[in-house]
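The next block holds one structure in the form of structure tokens; read it before the comments.
To find a chain, count down the sequence lines: A is the first, B the second, and so on, and within it residues start at 1. All values below come from the heavy atoms of this structure, side chains included, with hydrogens, waters and symmetry mates left out.
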There are 2 protein chains.
Amino acid sequence: MVKYKKEDRQKLLKLYIERDPFLTDEALAERLNVSIQTIRLDRQVLKIPEHRVRIKRVAEEVDEIKSIMLEDVIGEIVNVKLNESGTSVFNVEEAHVFNNNTLTRGHFLFAQANSLCVAMINVPLALTKSANIEFRKPVHLGDRVVAHAKVVQTIGKIATIRVESFVEDILVFVGEFEMYFKNEGESK
Amino acid sequence: MVKYKKEDRQKLLKLYIERDPFLTDEALAERLNVSIQTIRLDRQVLKIPEHRVRIKRVAEEVDEIKSIMLEDVIGEIVNVKLNESGTSVFNVEEAHVFNNNTLTRGHFLFAQANSLCVAMINVPLALTKSANIEFRKPVHLGDRVVAHAKVVQTIGKIATIRVESFVEDILVFVGEFEMYFKNEGESK
DNA sequence: CCCCATTTAGTAGTTGGTACTAATTTAGTA
DNA sequence: TACTAAATTAGTACCAACTACTAAATGGGG
């Protein structure tokens with residue numbers, strides 16, 4: 001049954017809605033022990049949109065996040081000579097960096113290189129058997145990472161591919177991938 | 001100005017809504033060249049919920065995807081002796097597998113191992129310098145991957161950590177990670 | 001031509017609001 | 001303490017995008 005001061009209440013309101021945009025004015029009014037009208041006024045001065053709009057915005061994020069995160073391929077593969085060489089471009093966005101700074105999480109650099117290797121193999125399904133990688137320099141939010149891959153060897157069902165990734169001519173990542181050609185129906 | 005047969009229209013309706021859940025009955029009515037009432041009847045027999053509900057469901061998905069994908073740590077770290085050993089458990093969900101089958105994308109296994117290594121180092125910021133990894137067996141949707149890590153060596157600012165990941169006693173992944181202790185303010 | 005399925009129209013009620021005015025309560029101060 | 005201004009609450013009309021219902025119109029096959 002606590003009554004907050006206007007200022008505190010508005011801060012709390014903002015916080016609550018940030019944490020849970022699904023809260024309606026009614027629920028917020030109960031939680032903050034004021035009338036619905038007060039909540040509406042508060043939202044107005046704080047420029048917080050109504051429930052429907054908030055939900056819609058969250059929902060629209062799906063497309064972005066899905067397209068960024070659920071893609072099979074990390075980075076855009078721009079230039080592939082099958083079983084020979086290839087290039088992939090990857091722009092580091094919010095979703096790829098650590099929450100508390102602008103450093104790119106290493107597994108996206110790995111994923112870019114790995115995706116590129118998979119794309120270069122001209123069989124229905126290629127699996128990564130092993131990799132030997134090195135992170136040379138940190139990569140940051142907004143960086144444009146260009147990965148170049150070259151097949152260095154193919155023995156039987158295994159291809160060895162060397163990948164070098166650059167941010168503006170600076171080598172940030174190198175890796176050597178062994179790719180395994182998986183045949184149809186095989187479970188390995 | 002095409003008029004569809006009932007059956008065709010209902011199939012189209014389903015398709016449209018799947019592709020874009022943001023479509024209102026009004027928009028659908030226009031697109032299918034029937035009245036709003038017909039759309040409502042169709043939705044009713046097809047058990048497709050109303051606009052608001054659809055949006056809300058999509059929005060709720062965001063939270064799931066976000067929590068799965070935007071975490072800094074892949075897998076739950078359950079048991080860490082700093083600078084010594086650690087264990088992480090990672091359940092393979094929809095978001096982690098290739099779109100056209102149930103195979104786990106390799107970079108999540110890498111990410112799990114890598115996250116675990118970072119967590120084991122008792123400094124504000126640890127960076128992966130290099131890694132030597134092997135994918136031994138494919139991992140599938142629903143699998144529970146348990147990664148065990150052990151520090152095998154620490155020389156100066158570099159620790160070497162060995163990671164072995166299992167799905168029900170089957171070794172699916174091994175890796176050796178070189179972690180670099182980054183000091184405050186250093187940019188490397 | 002009739003009949004039944006299909007489609008459309010129309011009404012009342014719901015949720016979660018906007019936008020507005022007006023009344024009431026609370027707090028600060030002379 | 002009385003007055004005033006700020007803050008809060010109440011109340012009204014309106015909106016989108018529905019549900020749930022009834023009723024009327026249309027259309028096609030036998």
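- The phosphate of dT8(C) has OP1 or OP2 within less than 4.0 Å of a side-chain N or O from T38(B).
- Between the side chains of T104(B) and H96(B), no donor-acceptor pair is found at a separation under 3.5 Å.
- The distance from atom NZ of K150(A) to atom NZ of K81(A), rounded to the nearest 0.5 Å, is 8.5 Å.
- In this structure, I48(A) places its CD1 atom 16 Å from C1' of dG16(C), rounding to the nearest Å.
- At whole-Å resolution of the value, CD1 in I55(A) and P in dG16(C) are 11 Å apart.
- The backbone N or O of I55(B) lies less than 3.5 Å from no partner atom in the side chain of K56(A), so there is not a single donor-acceptor pair.
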- Any chance you could encode DNA chain C as dot-bracket? Rule is Watson-Crick or G-U wobble with both distances under 3.5 Å; [ ] for pairs crossing earlier ones, | for another strand. ||||||||||||||||||||||||||||||
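- Spacing between atom CG of L23(B) and atom P of dA17(D) amounts to 12 Å, rounded to whole angstrom units.
- The distance between atom CZ of R54(B) and atom C1' of dC18(D), rounded to the nearest whole Å, is 11 Å.
- No donor-acceptor pair closer than 3.5 Å links the side chain of R105(A) to the backbone N or O of S115(B).
- The nearest pair of heavy atoms linking A131(B) to F110(B) is CB-CE1, 4.1 Å.
- Of the side-chain N and O atoms in T24(A), none sit less than 4.0 angstrom from OP1 or OP2 of dG16(C).
- Looking at heavy-atom distances under 4.0 Å, V34(A) makes contact with sugar-phosphate atoms alone, never a base.
- Among the nucleotides dC18(D), dG16(C), dT8(C), the one closest to any side-chain atom of H51(B) is dC18(D).
- Across all strands, E50(A) comes closer than 4.0 Å only to sugar-phosphate atoms, never to a base (heavy-atom distances).
- Listed candidates were dC18(D), dG16(C), dA10(D). Nearest to the side chain of S35(A) is dA10(D).
- With rounding to whole Å, Q44(A) atom CD is found 20 Å from dG16(C) atom P.
- Salt-bridge formation is not detected for the pair K5(B)/E7(B): no Lys NZ or Arg NE/NH1/NH2 atom is positioned less than 4.0 Å from an Asp or Glu carboxylate oxygen.
- Within 3.5 Å, no donor on the side chain of R40(B) pairs with an acceptor on the base of dT19(D), nor the reverse.
- Distance, L46(B) CG to dT19(D) P: 13 Å, rounded to whole Å.
- Relative to the side chain of Q37(B), the nucleotides dT8(D), dT19(D), dG10(C) differ in distance, and dG10(C) lies closest.
- Summarising the geometry, the separation between CZ on R52(B) and P on dG16(C) is reported as 8 Å, rounded to the nearest angstrom.
- For D42(B) and Q10(B), the side-chain atoms include at least one donor-acceptor pair closer than 3.5 Å.
- One can place CD1 of I36(B) at 10 Å from C1' of dC18(D), the figure rounded to the nearest angstrom.
- Distances shorter than 4.0 Å separate some side-chain N or O of R9(A) from OP1 or OP2 on dT8(D).
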